[in-house]
Amino acid sequence: MDSKYSPQLVEEKIYKGWEEKEFFKAKINHKKKPFSIILPPPNANGSLHLGHAMFTYEDIMIRFNKMKGKETLWLLGLDHAGTETQFVYEKYLKKQGKSRYDYKRDELYKMIWDYVAENKSTIKNQLKRLGFALDWSREKFTMDPEIVKIVYKTFKDLFNQGLIYRANKLINYCTNCGTSFSDLEVVYTEKIDSLFYIKYQIKEGGSIEVATTRPETLFGDTAIMINPKDKRYIKSIGKTAIIPLINKEIPIIADSSVDIKFGTGAVKVTPYHDFNDYEVGKRHNLQMVQVIDFDGKLNNLTGKYQGLRIFSARQQVVTDLQASGQMVKIKTDYLHRVGSCYRCGKALEPLPKEQWFIKIKPLADKAKELIEKKETEVLPKRFKKRLLAILDNFIDWNISRQVVWGIRIPAYRCKAKNEWFISTDMPEKCQVCGNHDFEQDEDTFDTWFSSAQWPFATLMTEGQDFFDYFYPTSVMETGHDILRAWVARMMMIGYFSTKKTPFKKVFLHGMVRDPKGQKMSKSKGNVIDPILMINKYGADALRVALIFGTKEGGDVALSEQKVIGMRNFINKIWNVGRFVEINQKVVEQFIAPEINSAMNRTTTKTLLKELDKEYKKEKKQYLKYMEGYQFSKALGLVYEFIWHRFADYYIEQLKDEVINGNIEALGSLKSVYLENLKMLHPFIPFVTEEIWRVFNKESILKSSL
RNA sequence: GGACCUGUAGCUCAAUGGCUAGAGCGCUUCAUUCACAUUGAAGAGGUUAAAGGUUCGAGUCCUUUCAGGUCCACCA
């Protein structure tokens with residue numbers, strides 16, 4: 001053994017060894033209890049970042065349970081990440097002066113497919129660098145034909161049970177990117193805009209003033225509303241207002257959603273261009289008129305304004321209202337929040353569009369039951385409340401996306417009767433009218449619709465027996481930031497399809513932050529590349545740096561300094577091994593000469609007894625922590641023991657004895673040390689394996705805890 | 001606006017209501033032909049945000065205030 005441990009020389013070699021011996025390949029073994037984790041599938045549109053390195057928790061669970069004698073499965077998969085990936089690819093096209101509209105659907109799809117294939121192989125190599133004990137024989141991709149088949153079946157089942165409906169609803173639409181987003185994907189940004197006070201004449205006499213940030217939508221107004229408790233306007237209810245510029249007549253109605261104190265207390269209602277107005281429109285059975293199109297331009301219902309983009313239309317309308325004397329005043333410093341596109345940053349347009357929706361309430365109620373009945377345990381506990389609150393407030397889920405890259409929705413429209421039918425296979429004839437005249441929906445599924453099915457869909461493709469053995473999975477380990485987008489949906493859809501919880505436990509980890517606790521982002525320039533850290537200090541050091549001294553579920557402040565500190569810990573473990581190895585060689589050479597010991601025999605015996613006692617206590621506590629999913633504590637315990645008790649105290653005290661050939665002392669030290677290597681293996685698999693092989697023939701993975 | 005979380009050493013964070021509140025990094029002094037300078041020993045550094053309460057006992061539980069963060073809802 002060298003005086004320094006060099007991860008660069010051994011890690012890749014060790015990993016290859018594990019792979020060749022298929023240590024991570026899961027089998028059905030009814031003599032053993034199963035332990036399974038499905039890897040949250042990384043998006044196949046880039047490379048891994050530090051957040052992915054947090055999957056170390058899963059590796060710890062897998063290796064620990066394997067050494068505890070369970071049959072383990074850690075299933076690898078990758079996500080196509082529809083909208084996100086297409087966006088990344090479009091940026092790439094733009095650099096070459098091209099756009100997605102230069103290609104046919106099939107061409108674009110094929111190009112993105114190749115791009116994704118490249119990323120997949122990068123990511124897989126990176127997962128290996130991290131030392132993850134993934135089952136490489138069962139790699140899955142969200143667009144595998146067998147997975148798509150299951151996704152289609154789920155859609156059809158949901159449809160048949162009345163949980164899928166198609167509706168013309170307001171959606172968040174980016175006119176720049178050409179796709180809709182679910183409410184979860186909307187990013188709100190603060191913006192200073194003008195608030196315009198506009199006078200509407202009342203047919204019966206007089207006038208009423210409204211305040212709006214969007215005068216250009218007045219063509220789509222179908223009512224004016226006021227609060228029924230507002231004495232100022234009570235007489236106006238039921239009268240008819242006249243829209244300026246186009247002189248259209250609309251009713252004045254009362255709705256309690258109006259804030260009396262805001263603006264003038266009177267609001268123009270534009271159901272097809274505002275979410276709140278849409279609800280009002282439904283409540284009052286108002287007419288709904290779309291005046292802005294999906295290209296972001298005003299349409300033919302706006303007369304001379306037709307063809308203008310939203311912003312120019314606004315300016316023109318304002319100018320014309322000023323000319324006609326109907327613009328009362330303009331407040332230019334109005335601060336509000338605007339929903340914007342997370343891809344391009346432009347303001348999202350609420351627009352009416354026919355989309356597929358999932359009726360969430362019945363599904364969410366079942367998911368809540370799973371939590372309440374402890375079919376699914378939430379760890380750390382404090383996230384339970386949050387998950388329940390999320391399930392309480394889930395609104396119907398829009399699963400249509402207007403992108404090419406994704407799983408195309410298996411819904412077909414009968415052209416003759418304008419009715420829809422669902423078919424998991426490409427239909428030969430229309431299932432509505434019996435003719436051939438039908439067309440498939442152009443849209444693809446929201447990525448999360450397939451992700452929501454990941455635990456059961458992946459296992460189902462491995463056959464019924466495999467599914468029965470490993471499902472429900474033991475743990476779902478992921479970041480707490482996607483509780484709503486992913487965890488909640490997996491529970492809802494998972495239960496719907498299998499009538500079981502998809503996972504018995506949810507274990508949530510925190511976010512990786514920079515040394516000052518700030519979010520890591522490219523724009524801040526504080527991003528740490530996990531592969532760079534591995535190249536410099538080894539995967540073990542990085543893994544432990546993410547876990548040491550943290551609270552479960554809490555954020556981790558990661559610095560290169562911390563990784564260095566952990567590298568030192570790895571080296572310490574290495575050198576303890578080296579001490580044992582060197583002395584063992586000496587003992588072997590001289591065939592245990594009985595040399596006069598400088599130390600009193602009784603003292604030595606007492607020390608060894610103390611060591612044994614302390615080690616037993618340590619191991620007991622370690623198992624308690626590990627079984628309680630308190631990994632950081634388990635690690636801290638062994639860290640403290642091996643460094644500050646075992647090395648600093650016991651080795652120092654027994655050093656002279658050992659060097660003088662005391663076999664008993666060396667033997668005790670060695671056996672306690674090897675036990676500690678096993679305890680550390682789930683955390684730092686590489687160095688423990690490398691040292692283990694100095695003393696043992698078999699891999700440390702073949703040992704048991 | 002609603003909910004939740006956090007506030008502990010210079011920095012980042014630990015601490016089932018129980019002994020002298022700990023670790024990593026940083027800092028000071030000393031050691032060094034030794035398994036390890038990626039080391040060891042010793043040390044400085046704390047009114048646990050503030051106030052009040054419960055308790056034999058509070059960093060921990062309760063109330064209030066202050067400060068910061070996260071998620072959700074988003075009012076023209």
Side-chain angles (χ1 to χ4, degrees), chain A residues 1-6 183-184 186 188 193 195-198 210-215 217 221 224-225 227 257-270 273-277 280 334 336-339 380 382-390 392-395 480-481 483-484 510-511 513-519 537-538 541 544-545 548-583 624 628 630 632-633 635-636 639-640 643-644 647-649 651-652 655-656 658-659 669:
Chain A
M1 288 172 87
D2 204 352
S3 73
K4 283 189 177 73
Y5 171 63
S6 308
D183 54 307
L184 306 190
V186 178
Y188 287 89
D193 272 323
L195 186 62
F196 303 93
Y197 290 73
I198 304 170
V210 302
T212 180
T213 52
R214 305 206 52 191
T217 63
D221 290 355
I224 299 278
M225 62 174 172
N227 191 302
S257 71
V258 179
D259 180 353
I260 296 175
K261 290 185 206 110
F262 187 90
T264 62
V267 189
K268 69 190 213 49
V269 184
T270 322
H273 296 288
D274 181 280
F275 285 100
N276 186 58
D277 291 0
V280 173
Y334 176 61
H336 66 157
R337 286 155 60 81
V338 180
R382 64 195 146 96
F383 288 112
K384 181 176 163 180
K385 252 192 217 167
R386 204 153 115 196
L387 187 53
L388 285 172
I390 283 171
D392 270 330
N393 296 310
F394 229 107
I395 64 166
H480 64 65
D481 56 328
L483 261 176
R484 172 183 289 261
M511 305 295 107
R513 296 172 174 274
D514 83 351
K516 287 176 186 162
Q518 303 282 309
K519 260 186 191 161
Y537 309 109
V544 156
F548 187 82
T550 64
K551 183 160 66 177
E552 271 68 37
D555 292 350
V556 195
L558 190 81
S559 58
E560 185 156 352
Q561 273 307 312
K562 188 172 182 189
V563 182
I564 290 171
M566 295 301 120
R567 186 271 318 262
N568 296 352
F569 170 56
I570 307 289
N571 194 57
K572 185 75 188 181
I573 293 161
W574 173 262
N575 270 291
V576 173
R578 186 159 180 255
F579 173 81
V580 175
E581 189 232 6
I582 287 170
N583 286 293
K624 203 172 148 190
Q630 296 181 291
S632 181
K633 278 184 188 157
L635 173 64
Y639 178 101
E640 172 66 19
W643 198 328
H644 300 300
D648 291 350
Y649 180 71
I651 289 187
E652 288 303 325
K655 192 179 255 178
D656 289 343
V658 169
I659 289 168
L669 288 174

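Each chain gets a letter, A, B and so on, in the order the sequences are listed, and its residues count up from 1.
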May I have the distance from A:Glu552 (atom CD) to B:C5 (atom C1'), rounded to whole angstrom? 16 Å

Go nucleotide by nucleotide along RNA chain B from the 5' end; which of A:Lys385 and A:His480 gets its closest nucleotide reached first?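 Its nearest nucleotide being more 5', the pick is A:Lys385.
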
Name the nucleic acid region contacted by [X], choosing base, sugar-phosphate or nothing; use a 4.0 angstrom heavy-atom cut-off, strictly under.
X        : value
A:Val258 : base
A:Arg484 : sugar-phosphate
A:Glu581 : nothing
A:Asp259 : base

Rounding to an integer number of angstrom, what distance separates [N] and [M] when you compare their [atom1] atoms?
N     : M     : atom1 : answer
B:C61 : B:A15 : P     : 12 Å
B:C56 : B:C4  : P     : 30 Å
B:U55 : B:U12 : C1'   : 34 Å
B:A49 : B:C11 : P     : 14 Å
B:U60 : B:G22 : C1'   : 15 Å

Look at the side chain of [X] and decide which nucleotide, out of [options], has an atom nearest to it.
X        : options             : value
A:Asp648 : B:A41, B:C36, B:U38 : B:A41
A:Gln561 : B:A76, B:C72, B:G26 : B:G26
A:Asn571 : B:G24, B:C36, B:C74 : B:C36

Any carboxylate oxygen within less than 4.0 angstrom of a Lys/Arg side-chain nitrogen, looking at A:Glu652 and A:Lys655? yes

Under 3.5 Å donor-acceptor pair, A:Lys562 side-chain atoms to B:C25 base atoms: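 Side chain to base: no pair present.
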
Indicate whether OP1 or OP2 belonging to [N] is found under 4.0 Å from a side-chain N or O atom of [X].
X        : N     : result
A:His644 : B:A41 : no
A:Lys572 : B:G40 : yes
A:Arg578 : B:C36 : yes

